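Hydrogens, waters and symmetry mates are skipped; everything else that's a heavy atom, side chains included, is used. Not measured: the values here are computed from a predicted model.
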Amino acid sequence: MEGGFHGGTTDGSAFRQCFSLLWNNPYVLRLAFSAGIGGLLFGYDTGVISGALLYVRDDFKSVDRNTVLQETIVSMAIAGAIIGAAIGGWMNDRYGRRTAILMADFLFFIGAVIMAASPGPSLLIVGRVFVGLGVGMASMTSPLYISEASPAKIRGALVSTNGFLITGGQFLSYLINLAFTKAPGTWRWMLGVAGVPALVQFLLMLFLPESPRWLYRKGRSEEAERILRKIYSPNEVEAEIQDLKDSVEAEIKEKQSSEKISMIKLLKTKTVRRGLYAGVGLQVFQQFVGINTVMYYSPSIVQLAGFASNETALLLSLVTAGLNALGSIVSIYFIDRTGRKKLLVISLFGVVISLGLLSGVFHETTSHSPLVSTKTTQLNAYTCPDYSLARETASWDCMKCLKASSPDCGFCASAANKLFPGECLVSNDTVKDLCLGEDRLWYTRGCPSKFGWLALIGLALYIIFFSPGMGTVPWIVNSEIYPLRYRGVCGGIAATANWVSNLVVAQSFLSLTQSIGPSWTFLIFGLISIVALMFVLICVPETKGLPIEEIEQMLENKALHLKFWEKRADTSEKGQGA
């Protein structure tokens, strides 16, 4: 899922030092790994619902053709995450990072049990809310704990592992989905397994200490120093203890002054206002270019492209999850070499092309679907009533058949070739089994198409371009663009904008594909991507390698760097020449 906290950038040497912890200081690695399971939970929940939804639809007929209910099952976890993130911020400050992680695990475990045991969609939604609360708390607390319990030299690399675990969790969820496709209860196992890592993290965290920074802030300096002596070598620890004291004192002073900050004051401060335009805009566009439609509904999209089998849809969706995980690694290599703005532009340019390809493919898929056969077969007794009552049946094709609603109908493809005319039949389990029993394919989501593989290429290209740029850069820009005094509150506003946008997209995607079709839906995302590209060129400054003072000066003077491919002139020289 593209949402939550992403750590700052780092380089290869820091990662090499991380690996050396295996023998130099395994205690630090234990702290980071234990807290990082929160990222794994975050990613797992994002990916697992995309596959589980296929089987939830099969089990609950009230869900099968009710796209709003399907969207609600997906998006209630996001709504819970918004609330969980807000509660998590308060709990982090009041009770500590370790306690917040334990509470997140408890909520996640309870949610997994409720989902696995759900007798109907209502209780399933309740379970999704519980899981969302846990995800929201873990998404902000896990990287914070890792950051505050890591040596400064490798802090960025260790926090970045949280991002890897998020995408790794998404990839793992697709593997788990595939493993349980033949098991009794399919989706119950898929959703219930999420409780295992939550329980493991809960048990691990019981035996780990609180964050040393939080302990210092609460006046428990002796406990904090005892933990720091385990984290740092003897020749470094005294300097780190002093740095922590100074940092906490400065943070307390900053918090005292920031309490007087109001929204009106934020918007009246030119540098903050312009920073918010860029930061919040990037977070909103990250979601509105459609990334989480791919992560939440990837198997459903594959079925719309003409792949009928649930197992095939899950297997092919595994490619997108793998590419997303790979993209987060690629981003670390390019972000400080290419620059934030250039990477965003390249990313969005590729996203526009990919969405254009998807729109074109789905247009061809829906406008050239196989016709309904007029031949007599043993399945004619189950012919769709709407087709039987139609005056003009010559124009009936697979797409028209699937839109029939009194009752719902499905398309049984030709045994000779799925692109040949097939039969439009009543959609129920009996008819489905009869169709499959004749070695034919049964379609209720999309129609047979020779363009299906092009849709998979479009999805793969979309992830390849999105993940290294729009997937990570908005979080990095938001960590750099605001003045220090306003960074906490502005970062919170931007993160909230991301979650809310995520909720809007997740709650509307399936309804859009049903009402206007997948082709127009992806075209809308493509047009939004073009607007996002213009926004980046005009409103987002390049923050690569710039000190905060220069970023503030750039925002103050509105020195927008439209020609992003040209090397930036020295700001101080411009000031002297003015």
Kindly say whether [Y] contributes a backbone atom to a donor-acceptor pair with the side chain of [X] at under 3.5 angstrom?
{"X": "T186", "Y": "A183", "value": "no"}
{"X": "S347", "Y": "M470", "value": "yes"}
{"X": "R97", "Y": "N92", "value": "yes"}
{"X": "S142", "Y": "A35", "value": "yes"}
{"X": "R188", "Y": "S118", "value": "yes"}
{"X": "T293", "Y": "G290", "value": "yes"}
{"X": "Y296", "Y": "V505", "value": "no"}
{"X": "S309", "Y": "T312", "value": "yes"}
{"X": "S75", "Y": "Q507", "value": "no"}
{"X": "R98", "Y": "P209", "value": "no"}

Output the distance between atom [atom1] ([X]) and atom [atom2] ([Y]), rounded to the nearest 0.5 Å.
{"X": "F106", "Y": "F130", "atom1": "CZ", "atom2": "CZ", "value": "8.0 Å"}
{"X": "Q201", "Y": "L208", "atom1": "CD", "atom2": "CG", "value": "9.5 Å"}
{"X": "F285", "Y": "N498", "atom1": "CZ", "atom2": "CG", "value": "13.5 Å"}
{"X": "I87", "Y": "I82", "atom1": "CD1", "atom2": "CD1", "value": "12.0 Å"}
{"X": "N177", "Y": "L53", "atom1": "CG", "atom2": "CG", "value": "10.5 Å"}
{"X": "F108", "Y": "F42", "atom1": "CZ", "atom2": "CZ", "value": "10.5 Å"}

Of all heavy-atom pairs between P121 and S62, which one has the smallest distance, and what is that distance?
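Closest heavy-atom pair between P121 and S62: CG-OG, 3.7 Å.
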Query raised in the report: Closest heavy-atom contact between L41 and P197?
Result: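 Taking L41 first and P197 second, the nearest heavy atoms are CD2-CG, 3.6 Å.
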Practice prompt. Considering only NZ, NE, NH1 and NH2 on the basic side and carboxylate oxygens on the acidic side, decide whether E210 and R220 come within less than 4.0 Å.
Written response: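 Not counted as a salt bridge, because no side-chain N and carboxylate O are separated by less than 4.0 Å.
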F60 CZ: over 12 foreign heavy atoms closer than 6.0 Å: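 Yes.
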Should we count CZ of F33 as having more than 12 external heavy atoms under 6.0 Å?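 No, CZ of F33 has 12 or fewer neighbouring heavy atoms, counting only those of other groups under 6.0 Å.
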Regarding [X] and [Y], do their side chains bring together a donor and an acceptor under 3.5 Å, going by distance alone?
{"X": "N324", "Y": "S467", "result": "yes"}
{"X": "S511", "Y": "E71", "result": "yes"}
{"X": "Q286", "Y": "N502", "result": "no"}

Next on the checklist: Can you confirm whether V74 sits close enough to Y297 that some side-chain heavy atom of one is under 4.5 Å from a side-chain heavy atom of the other?
Outcome noted: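 Yes, side chains in contact.
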List the steps and the verdict of side chain to side chain contact (heavy atoms under 4.5 Å, CB included) for L315 and E311. CA-CA 6 Å; L315 183 63; E311 291 84 355; over 6 Å; no
Given the rule in the side chain to side chain donor-acceptor pair (under 3.5 Å) test, do S50 and Y174 qualify, once you have shown the distances and angles that lead to the verdict?
CA-CA 9 Å; S50 65; Y174 281 94; 3.2 Å; yes
Is there a ring-ring contact (aromatic ring centres under 6.0 Å, His included) between Y55 and W187? Walk through the geometry before answering.
CA-CA 6 Å; Y55 296 93; W187 61 269; 9.6 Å; no
Self-check item: Y95 and W90 aromatic ring geometry - parallel, tilted or perpendicular at 30°/60° bounds
Solution: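 Taking Y95 first and then W90, their aromatic rings stand perpendicular (interplane angle over 60°).
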